[in-house]
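Let me begin by presenting the structure, written as structure tokens, before commenting on it.
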Amino acid sequence: MDNNQEFVIYISSLCRELSQKGIHDPETGERKMFFSVHLASFAKYITIIGQEAVSKKNSDVLYRCLEDLGFLGCTAVKKNHFNVIIECLQGLVQLGREARAVDLKCFWRHCSLEMTDHADQRIEWMVTWLPQVPEEDRNILAESFGTAYSRLYGKKLTVSIEEIEGELGVKFTKSEEKHIESYADGKYRKTIDYSDFNPNHAVEIF
């Protein structure tokens with residue numbers, strides 16, 4: 001990655017642009033559903049590049065991946081593309097947690113923010129567009145944003161859309177309660193405590 005950094009950043013940006021192109025100019029006809037669902041794969045590829053950057057402790061490439069996920073996520077929220085929204089949120093949370101687990105600092109030495117904070121910033125970019133989502137879809141997306149924040153910081157946080165000074169705005173309700181999720185599928189059972197930032201546990205996410 002270090003010897004091909006510009007190429008890696010280009011691939012991440014290309015994934016973002018391809019997904020954005022698909023959101024703005026969707027397929028029609030029989031392939032419409034297949035095309036729409038697979039647009040989220042491009043966000044997943046960006047996350048995979050970011051994870052490799054974390055493993056190499058390359059915060060420059062990681063920062064570019066966070067940028068691409070943030071910009072793509074904003075496009076997805078504005079166009080109400082649920083699958084891409086969720087994949088971008090998952091990627092930002094995953095990369096934020098993994099960067100914190102290895103204490104990865106921002107590549108810009110004058111920046112006082114952690115890479116986790118930069119992941120938070122990109123989620124905030126996305127959430128500012130939430131009031132523009134059709135009313136029937138706002139609540140489920142608000143819940144998804146609340147889950148993303150809760151997973152990132154390990155404490156329960158809820159997001160809601162409310163009228164603030166005559167306009168729709170985003171309200172955050174924070175709690176000191178640990179954010180814990182459980183999953184069950186047949187005989188398989190798993191519980192993740194997202195407040196546990198131990199490097200051996202902090203990178204797990206559903």
Side-chain angles (χ1 to χ4, degrees), residues 12 15-28 32-48 50 65-98 116-175 177-183 192 194-195 204-206:
S12 178
C15 287
R16 169 182 56 78
E17 291 174 0
L18 287 171
S19 189
Q20 287 176 316
K21 172 64 175 174
I23 291 172
H24 285 296
D25 187 18
E27 179 69 82
T28 58
K32 179 178 180 180
M33 183 60 69
F34 178 84
F35 180 86
S36 179
V37 168
H38 284 273
L39 284 178
S41 299
F42 291 109
K44 181 63 176 178
Y45 298 148
I46 297 172
T47 300
I48 291 171
C65 292
L66 295 176
E67 289 271 279
D68 286 326
L69 287 171
F71 286 131
L72 176 56
C74 287
T75 298
V77 177
K78 284 187 280 186
K79 292 294 186 177
N80 194 24
H81 197 296
F82 184 79
N83 292 327
V84 176
I85 293 170
I86 297 304
E87 196 62 58
C88 287
L89 286 176
Q90 289 181 334
L92 289 166
V93 171
Q94 185 69 50
L95 294 178
R97 289 182 64 86
E98 290 192 20
T116 304
D117 298 322
H118 286 306
D120 183 330
Q121 285 179 323
R122 277 67 189 164
I123 297 175
E124 186 175 354
W125 291 355
M126 294 172 61
V127 82
T128 58
W129 292 100
L130 196 51
Q132 297 189 23
V133 170
E135 185 175 0
E136 62 271 19
D137 296 324
R138 282 184 207 140
N139 287 340
I140 188 170
L141 282 179
E143 183 178 346
S144 297
F145 274 96
T147 298
Y149 279 115
S150 299
R151 288 177 173 180
L152 184 62
Y153 287 111
K155 293 185 178 179
K156 286 190 177 297
L157 184 150
T158 58
V159 174
S160 57
I161 305 300
E162 299 184 9
E163 189 171 304
I164 303 173
E165 297 182 355
E167 295 184 357
L168 288 179
V170 182
K171 180 181 178 181
F172 301 92
T173 304
K174 297 181 180 180
S175 168
E177 182 182 353
K178 292 181 179 181
H179 183 67
I180 299 173
E181 294 184 29
S182 296
Y183 177 80
I192 298 177
Y194 285 91
S195 68
E204 294 185 295
I205 190 170
F206 288 123

Tell me, do [X] and [Y] make a side-chain contact under 4.5 Å, heavy atoms counted?
| X | Y | result |
| --- | --- | --- |
| Ile192 | Tyr183 | no |
| Thr128 | Val170 | no |
| Glu124 | Tyr149 | yes |
| Glu181 | Thr147 | yes |
| Arg122 | Leu69 | no |
| Asp137 | Phe82 | no |
| Gln20 | Leu72 | yes |
| Asn83 | His81 | yes |

Report task. Drop me the distance from Leu95's CG to His118's NE2, to the nearest 0.5 angstrom. Result -> 13.0 Å
Requested in this report: Would you give the length of the straight line joining atom CZ of Phe145 to atom CD1 of Ile123, rounded to the nearest 0.5 angstrom?
Outcome: 8.0 Å
Distance-minimising heavy-atom pair for [X] and [Y]:
| X | Y | result |
| --- | --- | --- |
| Leu66 | Ala119 | CD1-N, 4.0 Å |
| Leu39 | Leu18 | CD2-O, 4.4 Å |
| Phe42 | Cys15 | CB-O, 3.4 Å |
| Arg97 | Arg151 | NH1-O, 2.6 Å |
| Leu130 | Ala142 | CD2-CA, 3.8 Å |
| Asp68 | Arg16 | OD1-NE, 2.7 Å |

Requested in this report: Using distance alone, with no hydrogens and no angle criterion, decide if Gln94 and Gln90 have a side-chain donor and acceptor under 3.5 Å apart.
Outcome: no
Query raised in the report: When you look at CD of Glu143, are more than 12 heavy atoms from neighbouring residues, nucleotides or ligands closer to it than 6.0 Å?
Result: no
**Report entry** Glu162 CD: over 12 foreign heavy atoms closer than 6.0 Å
**Finding:** yes
Query raised in the report: Stepwise, does the side-chain contact (heavy atoms from CB on, under 4.5 Å) test hold for Met126 with Leu92?
Result: CA-CA 11 Å; Met126 294 172 61; Leu92 289 166; 3.9 Å; yes
Query raised in the report: Are the side chain of Thr116 and the backbone of Gly96 linked by a donor-acceptor contact shorter than 3.5 Å?
Result: yes
Requested in this report: Indicate the ring-plane relationship of His179 and Tyr194, choosing parallel, tilted or perpendicular according to the 30° and 60° boundaries.
Outcome: tilted
